[in-house]
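Accompanying notes for the structure given below.
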Amino acid sequence: MNMFPRKLWSAFCIFNLFILVVTGCSTGASNEASVEPLTVYEPKQEVDLITKIRNTRDTSKKLSELYEEMTLIDIHNHGADSPSAVYEFTQNGVDRIVLFGSVSEPSAKISDILTWDHYRRDPTQVYPSFAGFPIYEEEEGLSIVKEKLEQGYLNIGEVVAASTYSPVVSQVEWKAQHPNDGNLPQIYDLAAKYHVPVLLHIDPTSGTPIDQLEKALKEHPDTTIIFGHVNAYNTLENIKYLLDRYPNLYMDFFAGFTVYNSDSNYSLKDFIPLLEQYPDRFMLSTDTGYGLMPGQATDALYETIDLLSPETAQKVAFLNYERMIELQQPTDTQIAKIKELTSQLGNTQTYTLNKRMANTLIFDLERQVKKLK
């Protein structure tokens, strides 16, 4: 005779099934690696380092030598088409570069691939960006943007959102007429979803392009937009006007233009009070030294840093942009790739990563898998 009542037996089975599920002991639950998002950014502080550099200044050294130990990011660099791009722009103390090549034209698709190749070789010195997508071909343009963001690119741009006067980008095939044109609104939405900044070229820096930029900033408050080389052919008043009104707008300061280009109507000291007033909103770039003699663009970065307070200097030099990178989360594509590669290696550990770290892990896992073959 069955001494265990049927109802109690059924309840017992259901209870044990429940325990099996909630404890993760079901078949295959522990047979693959897992990825958890890293949501905390704890920046390295360099205020004391900057203060020490200044207090023990050796006047016989160049500024790039004095500040060699300080972290410095160039957030706007077109060097991807050069095989030696990373070396060329990091040999004088620049630690990392936001890299891309051609912008807003078909050839940028090739540059984007080359950018990724540079990144794979030097993941600690490159932040990969991309600009090879059409503005008006909705299906193609948006699919490219989403694919690149899923793959692991960390920045969008430089996008030519308007250009009338530039001798180079005013001629590119995929330029927009203004910063709210074509697919740009949907691209801004994707950028917000992936927490990726968008670097825009805008000229002229007044009139319709700026009116439309303001509209875009209002309609996409969660999108981080960077105004490329904002100090070129612009006024202090215009820049301050935008900073006062739009907290999601950041400024790419092409210091070399102000210091070394004869077209500049300002000196570097004219901009310093503005950078001090908005220390969280400015970042430095070389724009690959456009229009300058070799070395001038990098020299100007250090000349800017040397005029800023230590607190503002570290923010402008690296913290402001680094924060944008370190708070990006792993994508579904990256997570699937990590699981695929770790399964080939028999690895079942749990990884806590942001998007940048996921890229680095994937590169390492790919090398390990390659060795097995």
Side-chain angles (χ1 to χ4, degrees), residues 35 73-90 94-134 140-160 172 174 187 190-191 193-199 226 228 285-288 321-322 324-342 351 353-371:
V35 176
I73 299 173
D74 170 8
I75 74 148
H76 182 155
N77 193 297
H78 292 266
D81 295 344
S82 169
S84 58
V86 178
Y87 172 76
E88 290 173 12
F89 288 93
T90 58
V94 177
D95 296 278
R96 303 166 220 156
I97 57 176
V98 178
L99 189 64
F100 49 95
S102 300
V103 299
S104 298
E105 59 182 337
S107 64
K109 288 186 174 183
I110 304 300
S111 294
D112 296 343
I113 295 172
L114 295 174
T115 294
W116 195 260
D117 290 341
H118 282 291
Y119 182 43
R120 184 184 295 277
R121 289 193 299 271
D122 297 290
T124 63
Q125 294 188 289
V126 174
Y127 291 130
S129 192
F130 67 98
F133 51 88
E140 179 188 4
L142 295 179
S143 66
I144 290 173
V145 172
K146 185 172 182 179
E147 177 188 334
K148 295 295 186 185
L149 293 176
E150 277 287 326
Q151 180 181 342
Y153 283 78
L154 301 169
N155 193 90
I156 300 174
E158 182 183 9
V159 178
V160 183
V172 296
W174 288 342
I187 290 169
L190 282 170
K193 177 182 176 181
Y194 286 89
H195 304 287
V196 173
V198 184
L199 174 64
I226 303 174
S285 82
T286 65
D287 197 6
T288 333
Y321 190 81
E322 186 179 78
M324 295 179 186
I325 299 300
E326 295 303 306
L327 291 176
Q328 295 180 37
Q329 299 304 300
T331 68
D332 291 342
T333 298
Q334 287 178 307
I335 293 171
K337 188 67 175 178
I338 290 170
K339 289 184 177 183
E340 173 196 335
L341 293 167
T342 51
Y351 296 95
L353 308 164
N354 59 29
K355 187 177 184 180
R356 175 193 60 77
M357 295 164 68
N359 283 332
T360 302
L361 175 61
I362 288 169
F363 298 154
D364 182 56
L365 292 172
E366 287 174 335
R367 286 189 290 269
Q368 293 182 48
V369 169
K370 188 176 180 180
K371 289 180 180 179

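For this chain, numbers begin at 1 and follow the sequence in order. Here the structure is a predicted model, which means the values were calculated and not measured. Atoms considered below: every heavy atom in the structure, side chains included; atoms not considered: hydrogens, waters and symmetry mates.
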Plane angle bin for W116 and Y119 - parallel if under 30°, tilted between 30 and 60°, otherwise perpendicular: perpendicular

Between T90, T288, T286, which is the residue that forms a side-chain hydrogen bond (donor to acceptor under 3.5 Å, both in side chains) with D74? T286

What's the verdict on side chain to side chain contact (heavy atoms under 4.5 Å, CB included) for S285 and N77, showing C-alpha distance, side-chain angles and the deciding distance? CA-CA 7 Å; S285 82; N77 193 297; over 6 Å; no

Which atom pair, heavy atoms only, marks the closest approach of K355 to L149? NZ-O, 2.8 Å

Could I get the full list of salt bridge (charged side-chain N to carboxylate O under 4.0 Å, His left out) partners for E366, not counting sequence neighbours? R120

Given F133, F100, F130, Y127, the one that forms ring-ring contact (aromatic ring centres under 6.0 Å, His included) with Y153: F130

At what distance, to the nearest 0.5 angstrom, does CZ of F89 lie from OG of S84? 9.0 Å

Say whether H76 and E158, considering side chains only, have a donor N or O and an acceptor N or O under 3.5 Å apart. yes

If you round to the nearest 0.5 Å, how far is CG of L365 from NZ of K337? 10.0 Å

Is a side-chain N or O of Q125 found less than 3.5 angstrom from the main chain of P123, in a donor-acceptor match? no

Using side chain to side chain donor-acceptor pair (under 3.5 Å) as the criterion, list what pairs up with Q328, not counting sequence neighbours. none

Taken in chain and number order and not counting sequence neighbours, the residues that satisfy side chain to side chain donor-acceptor pair (under 3.5 Å) with R367 are none

For a quick test of reading the model, state the closest non-hydrogen atom pair linking G152 to N359 and the distance between them. O-ND2, 2.9 Å

Please examine the side chains of I362 and Q334, heavy atoms only from C-beta on, and report whether any two atoms are closer than 4.5 Å. yes

